[in-house]
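This report refers to the structure that appears directly beneath it.
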Amino acid sequence: DFYENYNQAKEFLNLELGLSDFSGGFLITTTAIQNILEAMNEIYIPDFDETINKDNFYIKTQLYSEESFFPGSTQKKSFLASLTRQLFIELENASFPKLLTALNKSLDEKQISLIFEDENIQGTYDSQYWSGKKISPTCYADLENCTVDYIFPYDANLGVNKANFFINRHLSLKININNEGTIVNELTMLINNESQSAIFPGGTYKNYMQIDLPRRAIIRNLTRNGVLIENFDEKVDDTKTIGFLTEIPPQKSIEIKLVYALQNAVTNGEGTYQLIFQKQIGSKNSDLSIEIKIPNNVTVQDQNFNPVVKDDTILYNTTLTGDKIFILKLRKN
């Protein structure tokens with residue numbers, strides 16, 4: 001949640017430097033810088049005698065961060081500071097339409113997040129999901145019989161490397177609504193480590209994975225490559241969060257499968273099922289496939305996406321480029 005990080009940063013700056021008067025803050029990832037560089041083709045950094053483009057930026061950043069690193073080193077800070085200065089100098093030479101496209105893409109895909117102290121300004125960015133806030137798992141409107149489902153997987157790389165740069169994943173969600181109105185979800189995450197070797201910046205991906213779910217979700221099963229994960233952390237506040245450690249060696253894949261239930265989620269009469277699928281700030285885009293099985297006593301009256309319908313099954317394939325909200329209007333007889 002960038003809003004929490006922003007407030008923590010303000011507290012540290014106040015304690016350390018006595019700074020307190022802020023108008024806001026922004027977060028920018030290396031992917032966003034790559035998007036901006038694509039609009040500028042390449043830039044030359046005199047301080048390092050390097051020509052940087054979208055293809056070599058990440059590797060060069062890691063090179064100057066880690067080569068001959070020692071505690072207290074400012075190499076990474078110096079390189080990024082020089083790069084940022086040169087970016088501003090070269091902005092006038094950039095293609096303005098391409099630059100706007102790059103910024104919009106970065107905001108939509110959660111590679112840039114913005115927080116403003118002025119609530120009037122902030123409301124606009126919140127409505128576009130550009131502020132990097134964790135979405136509250138509530139119904140989008142004041143509706144009766146509204147069931148909110150919520151899935152937010154996020155990672156923490158503990159491997160002292162940059163293996164997460166080489167991670168790709170495919171997400172699959174099977175939603176099964178039974179005759180009694182209970183929803184059973186099966187979330188499958190196929191995660192692939194495309195590091196070529198254990199050599200930095202790649203290597204084994206040591207990931208503490210967490211998944212936020214609805215507060216009332218009942219965990220039925222959690223497996224890694226078909227083997228039951230018996231010991232996982234669990235906490236409950238506004239959501240239910242499970243956490244567990246997993247490792248993926250270079251050139252290997254794992255399959256994480258989570259099954260959970262929402263009891264009595266679909267009640268008699270008309271109602272709404274709302275699924276919020278949130279993307280982690282800075283993460284790569286992932287393929288997402290959704291399969292929804294509807295029982296004979298439930299009919300779908302409307303939805304906010306265009307699926308393929310086969311008998312009692314709704315199929316939808318998309319890409320998780322940003323936060324997604326799927327809405328189904330249902331009637332249970």
Side-chain angles (χ1 to χ4, degrees), residues 1-9 11-12 27-34 58-59 61-77 79-80 110-111 113 132 134 151-171 187-213 219 222-237 239-258 278-286 320:
D1 189 314
F2 180 51
Y3 184 69
E4 290 187 10
N5 286 327
Y6 168 70
N7 286 320
Q8 186 70 73
E11 183 178 346
F12 287 149
L27 175 153
I28 183 167
T29 70
T30 53
T31 299
I33 294 177
Q34 286 177 307
Y58 187 84
I59 296 299
T61 300
Q62 297 311 318
L63 172 67
Y64 286 107
S65 300
E66 306 296 337
E67 190 176 60
S68 303
F69 175 82
F70 57 89
S73 170
T74 60
Q75 291 175 128
K76 182 175 183 179
K77 179 180 178 182
F79 176 74
L80 291 176
K110 303 186 73 171
Q111 304 300 336
S113 295
K134 182 178 175 181
I151 300 175
F152 182 17
Y154 48 98
D155 296 349
N157 182 5
L158 307 182
V160 198
N161 59 22
K162 303 297 178 181
N164 45 300
F165 180 75
F166 303 94
I167 295 297
N168 289 297
R169 67 193 68 208
H170 176 83
L171 307 173
L187 173 67
T188 302
M189 293 179 284
L190 183 62
I191 308 170
N192 182 34
N193 183 355
E194 296 183 356
S195 297
Q196 293 300 312
S197 68
I199 299 174
F200 189 91
T204 297
Y205 188 43
K206 297 181 180 180
N207 175 30
Y208 183 68
M209 172 172 280
Q210 297 180 81
I211 306 173
D212 283 358
L213 302 168
I219 309 299
L222 177 64
T223 61
R224 181 194 299 109
N225 292 337
V227 179
L228 187 67
I229 300 176
E230 296 182 349
N231 297 316
F232 58 87
D233 302 324
E234 183 174 334
K235 65 178 181 180
V236 179
D237 41 42
T239 59
K240 176 172 289 187
T241 304
I242 63 169
F244 52 93
L245 184 67
T246 190
E247 297 188 7
I248 313 174
Q251 296 294 299
K252 298 292 184 181
S253 299
I254 65 165
E255 181 186 78
I256 300 294
K257 186 171 291 187
L258 168 67
Q278 189 153 12
K279 180 189 178 189
Q280 183 177 9
I281 294 173
S283 62
K284 290 183 180 180
N285 298 338
S286 302
L320 194 66

Neighbour count above 12 (heavy atom, 6.0 Å) for [X] [atom1]:
X: Asn231; atom1: CG; value: no
X: Phe244; atom1: CZ; value: yes
X: Glu230; atom1: CD; value: no

Next item on the list: Quick one: list whatever passes salt bridge (Lys or Arg N to Asp or Glu O under 4.0 Å) with Lys279, sequence neighbours left out.
Entry: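 Per chain and number, Lys279 pairs via salt bridge (Lys or Arg N to Asp or Glu O under 4.0 Å) with no residue.
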Next item on the list: Please test Asn157 against Ile167 for side chain to side chain contact (heavy atoms under 4.5 Å, CB included), starting from the C-alpha separation and ending with a verdict.
Entry: CA-CA 11 Å; Asn157 182 5; Ile167 295 297; over 6 Å; no
Closest non-hydrogen atom pair between [X] and [Y], with its separation:
X: Gln278; Y: Leu320; value: O-CD2, 4.3 Å
X: Met209; Y: Ile191; value: CE-CD1, 3.6 Å
X: Ser253; Y: Leu190; value: CB-CD1, 4.4 Å

Point-to-point distance, once rounded to the nearest 0.5 Å, from [atom1] of [X] to [atom2] of [Y]:
X: Phe232; Y: Leu258; atom1: CZ; atom2: CG; result: 8.0 Å
X: Leu187; Y: Leu213; atom1: CG; atom2: CG; result: 8.0 Å
X: Thr188; Y: Arg169; atom1: OG1; atom2: CZ; result: 13.5 Å
X: Ile248; Y: Asn164; atom1: CD1; atom2: CG; result: 11.0 Å
X: Thr223; Y: Ile254; atom1: OG1; atom2: CD1; result: 10.0 Å
X: Thr61; Y: Leu80; atom1: OG1; atom2: CG; result: 5.5 Å

Note to self: Quick one, Asp1 and Ile281 - any side-chain contact, counting heavy atoms below 4.5 Å?
What the structure shows: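 Counting from C-beta outward, Asp1 and Ile281 never come under 4.5 Å.
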Margin query: Within the 4.5 Å heavy-atom criterion, are Ile229 and Thr246 side-chain neighbours or not?
Written below: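 No - every pair of side-chain heavy atoms lies 4.5 Å or more apart.
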Next item on the list: Using the six-membered ring of Phe165, assess whether NZ or CZ of Lys284 lies under 6.0 Å from its centre and within 45 degrees of the ring axis.
Entry: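 Ring-cation test returns yes.
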Note to self: Just to verify, what does Thr241 make a side chain to side chain contact (heavy atoms under 4.5 Å, CB included) with, not counting sequence neighbours?
What the structure shows: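 With neighbours one apart ignored, the set is Tyr154, Gln210, Asp212, Lys235, Thr239.
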Check: Are any side-chain N or O atoms of Gln111 and backbone N or O atoms of Ser283, one a donor and one an acceptor, separated by less than 3.5 Å?
Finding: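 Indeed, once roles are kept as given, a pair shorter than 3.5 Å links the two residues.
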Item checked: Flag, side chain of Asn207 to backbone of Asp155, donor-acceptor distance under 3.5 Å ->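 No; zero donor-acceptor contacts below 3.5 Å.
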Item checked: Verdict with reasoning, Gln280 to Lys110, per side chain to side chain contact (heavy atoms under 4.5 Å, CB included) -> CA-CA 8 Å; Gln280 183 177 9; Lys110 303 186 73 171; over 6 Å; no
For residues 194-204, dump all side-chain donor-acceptor pairs below 3.5 Å to protein atoms at least two apart in sequence or in another chain.
residue: Glu194; atom: OE1; partner: Asn168; partner atom: ND2; Å: 3.1
residue: Glu194; atom: OE2; partner: Asn168; partner atom: ND2; Å: 3.1
residue: Glu194; atom: OE2; partner: Asn192; partner atom: ND2; Å: 3.3
residue: Ser195; atom: OG; partner: Asn193; partner atom: OD1; Å: 2.8
residue: Ser195; atom: OG; partner: Gly203; partner atom: N; Å: 3.3
residue: Ser197; atom: OG; partner: Ile199; partner atom: N; Å: 3.2

